[in-house]
Amino acid sequence: MQYNFNEIEAKWQKYWAENQTFKAENTSSKPKFYVLDMFPYPSGAGLHVGHPLGYIASDIYARYKRHKGFNVMHPQGYDSFGLPAEQYAIQTGQHPAVTTAKNIQTYRRQLDQIGFSFDWSREVRTSDPSYYKWTQWIFIQLFNSWYNKDSDKAEAIDTLIERFSTGGNAKVNAVCDADIFKFSASDWKGFSSKEQQEILLKYRLTYLAKTEVNWCPALGTVLANDEIINGVSERGGHPVVRKKMTQWSMRISAYAQRLLDGLNKIDWPQPLKDAQSNWIGRSQGASVVFYTNDKAKHPIEVFTTRPDTIFGVSFMTLAPEHDLVGKITTQEQKSAVEAYIKATAKRSERDRMADVKTISGVFTGAYAVHPFTKKPIPIWIGDYVLAGYGTGAVMSVPCGDQRDFDFAKHFNIAIPNIFEGVDISEKAFTDKEKTIITNSDFLNGLKYKKAVKLAIYELEKRGLGEGKINYRLRDAVFSRQRYWGEPFPVYYADGMPQMIAPEHLPIKLPKVEKYLPTETGEPPLGNASVWAWCTEKNEVVPNSEINHTSIFPLELNTMPGWAGSSQYFNRYMDPHNDDEIFAKDAINYWQDVDLYIGGSEHATGHLLYSRFWQKFMFDKGFLPKDEFAKKLINQGMITGTSAFIYREEETGKVFSRGLIKDKKVTPIHADVSLVNASDELDIEGFKKWQPDYEDVEFVLENGKYIVGREVEKMSKSKYNVVNPDDIVKEYGADSLRLYEMFLGPLEQSKPWNTAGITGVHGFLKKLWKLYFSEGKLKITADDPSKESLKTLHKTIKKVEEDIQSFSFNTSVSTFMICVNELTAQKCSSRSILEPLAILVSPYAPHIAEELWQKMGYTDSISTVPFPIFEPKYLLESSKEYPISFNGKMKFTMELSLDLSKEEIETAVMAHEKTQAQLAGRTPKKVIVVPGKIVNIVG
RNA sequence: GCCGAAGUGGUGGAAUUGGUAGACACGAUGGAUUCAAAAUCCAUUGCUCACAAGGCGUGCGGGUUCGAUUCCCGCCUUCGGUACCA
């Protein structure tokens, strides 16, 4: 019987599907375990070998946990809203729903043939109305909530309205817009309904606000910073302007501190935690108000982390976009300031931030008054200050901040020294711990901490500032001018947004003729002719019926990509529930994700927004946990190994890799499928693939054409994409699974090279041969040998340790060693080979199932208990001691482990090789570490 | 600039707490089998040296230690992220 992997794999995939082997129940006597993958975006290109890496790792873990007696939920779905499908629709006119469904089919086929233990009965698709109904529902929940700083959680908006009508907003301690004004209960009652709605919008957790965006008129859309290159759009090269637009925002800033604190209780990679905490960017300090010294006395609020250095302020710097710049600039400085603003506007935010070497700025001609000394402080503008951060203005202390120092030096501004015993002629002094303040009135002689405290106290006493904690984290813009996204459950009456009642959800995407923005610059939904809300019939009706009394226009924006992915992990717990987002029973049973595997590129997007929604849902009592994933692992990227041929510029001849020295050659990508394991090119195949090379001479070395190799990102244009379908066909899914794990550590990025797969494929064949010989099962009931037991238990121990530490590459090696040893031992004992099949099962499930069945079992191997490691089989009585001289190992010596230090030393010194090494010298010292090493010094 | 990760044979990588550097594979070389090929099996394979002995070897330069891929200090390079965050 041959190892016919194609047949075996198809058979077991069918078996698992028919028997619903991996369907997880929402109740069980077993403990629960939830293993989650980041669900894929189903792109038109299908999967390449890099995609399944994380899925294979999580599948091994899920399968292992089933063997360990857990009720495992391992779901999969699709993040199926997104830009590529929309782009494709614009180009071809095909509805994104159609192309998306087709892509999902391809993905499913590709995933199925790798043998994942997914519970497909729980599949979700974010673009499915039965799913996005609940995305819309959460949006309504957020709209109907405000953040109470006193209780430190989200509360129903009704409780806020109640407070307003009984006591106004004076005692409300909420996270809200900065421009809120004070009102009393009677004021509130006197406001019109529209005025009340406007005020409430400033408190809601999702709200409409004017936000500055990168607007590209030609594309009719907002662009991200990295979609803009040199001031024009990456796509098409159209001009981009900064523009204020009314958009939906999420008040994630309300959760800044809790998002930071929560990081301490989850087991996520430290680099990822660092990325999130840097993104949240908490800094403690003070806000200080400076007033301009003209008649208008404009207040300029700044935030500083160093209020102790306030007497060192010698100028202020505003962002060029700061509102005050136009108002305070003097006549003489006007043209210079305007020119500078114009120059700044052309630079992208990215450019401004990356360039640290160029110092630029302009004096506005205006002065502010120092809050304590009352001296005039010149006000400058500079593009190192960003409008979007803090207040867009800084108090500049050149002696204590290097950037301020450089700015002052460059523009010849005074640099007063307020640090005792410190030379600041060359650079600023930034060591807080060694700071002693001087030349600072009431702060003189104080150390950093005390000076900060006192400075804040004095500022507060004078009403010129207060202690403050500042976060970099900004509210998240939630509107997109796109078609293929969730529609908002929102219509507009009298210009104010109104929520559609949850019982009428979902609000389905309307049909449109064109997926582009309208000619008037409205989002694509502006093309829909049936896109109005009837408050009487409670349904979507034609726009022509809009009367603004009972029928109103609907929101034209759609939600961003991260909307659908921010609660999908909870929806998996109860995916078909049409009455609730998930039943209480389901969420109380599954609680949270035990293991989440995905890429680190989502660190400050998906993974931060999901934590935000989770905390919000927790506040509202929908969830038992305020963190959704206990443990997270980042899998690394699989890069491609590109192949190159070398064409000589002059002659046009193509030279083999070894012949290109001293020649001027151009490397040209060759398709990696035309290259074998020895880097040898299939020239005929290449000429067939690139007919231009039909008549080109290929100059060979030793009769072969050897290509050059380079590691690059896997991409179509580099011809280095490897499709898992081909691998599965040629070597089988089990080989693919093992090889992806064997490539290297899960977290590390590593290059793919198909050549090496013959190693793991050969291993599977050897494994098979342990069980079969000449087509017949050769398992015996014989007692196993001592060596075989040792091999088995060594393997159990190592593999189990490896799974727990996600070191899957080393366990594949361990399997190879195990099979090599058992083969050498001619082991055919059932008591060894049965547990071996179980050990291998999480990694190579198809062959394991087949072996299990051939050994006489009728049920799937998937829940058979994992073998138990027994240390007694590994006990050793002696050890091969390395004997080293001055730290260098020279020879080894077999010695009993019972020997004492002294006995070991005596035995080693008596050895003839020791005497030979010493050549008559007397050692200075002999280090004996029993069970480890002997080192002779001297 | 800042933050993070990483530099080990021809290649992917191993060495879990400071204790035999290069496990396991790929590739290469030689051999067996075969009409031949595929497949399979055996041997060798860090560099240096004709062999042996020896010497050199984990990005570079120092240090700690009986002993360093592992710890410390100072650099260099590559990759990923980014926010001049006051």
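Below, each value reflects all heavy atoms present in this structure, side chains not excepted, and no hydrogens, waters or symmetry copies. Quick note on labels: first sequence line is chain A, next is B, and so on, each numbered from 1.
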Between atom [atom1] in [X] and atom [atom2] in [N], what is the gap in whole Å?
X	N	atom1	atom2	answer
A:F763	B:A39	CZ	P	19 Å
A:R657	B:A28	CZ	P	11 Å
A:H761	B:A39	NE2	P	10 Å
A:E730	B:A39	CD	P	11 Å
A:E801	B:U17	CD	C1'	13 Å
A:F885	B:G54	CZ	C1'	15 Å
A:R306	B:A86	CZ	C1'	11 Å
A:R282	B:A86	CZ	P	12 Å

* **Minimum-distance pair of heavy atoms, taken over all atoms of A:K273 and A:L263** =>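 So the two residues come closest at NZ-O, 2.9 Å.
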
* Geometric class of the A:Y739/A:W752 ring pair [parallel <30°, tilted 30-60°, perpendicular >60°] ->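 Because their plane-to-plane angle is over 60°, the rings of A:W752 and A:Y739 count as perpendicular.
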
* Determine the interplanar angle of the A:F315 and A:F407 rings, folded into 0 to 90°, and report it as parallel if under 30°, tilted if 30 to 60°, perpendicular if over 60°. =>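 Ring orientation, 0 to 90° scale: parallel.
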
For nucleotides 62-68 of chain B, give me every protein contact, N/O to N/O, under 3.5 Å, one pair per line with atom names.
{"from": "B:C66", "atom 1": "O2'", "to": "A:N935", "atom 2": "ND2", "distance (Å)": "3.1"}
{"from": "B:C66", "atom 1": "O2", "to": "A:N935", "atom 2": "ND2", "distance (Å)": "2.7"}

Counting heavy atoms from C-beta on, name the nucleotide in [options] closest to the side chain of [X].
X	options	result
A:D802	B:A86, B:U16, B:A14	B:U16
A:V394	B:A86, B:A15, B:U16	B:A86
A:S813	B:U20, B:A86, B:C24	B:C24
A:K769	B:U20, B:U40, B:C85	B:U40
A:K765	B:A86, B:U20, B:A39	B:A39
A:L743	B:A86, B:G13, B:G12	B:G12

* Contact under 4.0 Å: A:T604 side-chain N or O vs B:U82 OP1/OP2 ->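 Answer is no, no contact under 4.0 Å.
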
* To do: Identify, with sequence neighbours excluded, every residue that meets side-chain contact (heavy atoms from CB on, under 4.5 Å) alongside A:L897.
  =>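 If we apply the side-chain contact (heavy atoms from CB on, under 4.5 Å) test to A:L897, skipping adjacent residues, the hits are A:E876, A:K879, A:Y881.
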
* A:Q284 or A:V934: which one's nearest nucleotide on RNA chain B is closer to the 5' end? ->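 Upstream on the strand: A:V934.
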
* To do: Assign B:G30 to syn or anti; the rule is syn for a glycosidic angle within 90° of 0 and anti otherwise.
  =>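 With its glycosidic angle more than 90° from zero, B:G30 counts as anti.
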
* To do: Test A:F429 against every option in A:F405, A:F419, A:Y448 by the ring pair (Phe, Tyr, Trp, His ring centres under 6.0 Å) rule and name the one that passes.
  =>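 Running ring pair (Phe, Tyr, Trp, His ring centres under 6.0 Å) over A:F405, A:F419, A:Y448 with A:F429 returns exactly one hit, A:F419.
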
* Are any non-hydrogen side-chain atoms of A:I469 and A:Y471 less than 4.5 angstrom apart? ->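 Yes, close enough: below the 4.5 Å cut-off.
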
* So do the side chains of A:N809 and A:D802 get within less than 4.5 Å of each other, counting heavy atoms only? ->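 No. Closest side-chain heavy atoms not under 4.5 Å.
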
Detail all sub-3.5 Å separations between protein N/O atoms and N/O atoms belonging to nucleotides 25-27 of chain B.
{"from": "B:A25", "atom 1": "OP1", "to": "A:N820", "atom 2": "ND2", "distance (Å)": "2.7"}
{"from": "B:G27", "atom 1": "O3'", "to": "A:S678", "atom 2": "OG", "distance (Å)": "3.2"}

* Asked: Got a second to check how far A:T604's OG1 is from A:L607's CG, nearest 0.5 Å?
  ->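 Taking OG1 in A:T604 and CG in A:L607, the distance rounds to 9.0 Å.
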
* So, do A:Y731 and A:F5 have ring centers that fall under 6.0 Å from each other? ->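 No, ring centres 6.0 Å or more apart.
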
* Asked: Side chain of A:H370, backbone of A:I310: donor and acceptor closer than 3.5 Å?
  ->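 Indeed, once roles are kept as given, a pair shorter than 3.5 Å links the two residues.
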
Taking N or O atoms only and anything under 3.5 Å, show me the protein contacts with nucleotides 5-11 of chain B, one pair per line.
none

* Base-pairing string, 5' to 3', of RNA chain B - Watson-Crick or wobble, under 3.5 Å, | interstrand -> (((((((..(((......[....)))((((((.......))))))(((.....)))..(((((..]....))))))))))))....

Please list, for nucleotides 29-33 of chain B, all pairs of protein and nucleotide N/O atoms separated by less than 3.5 Å.
none

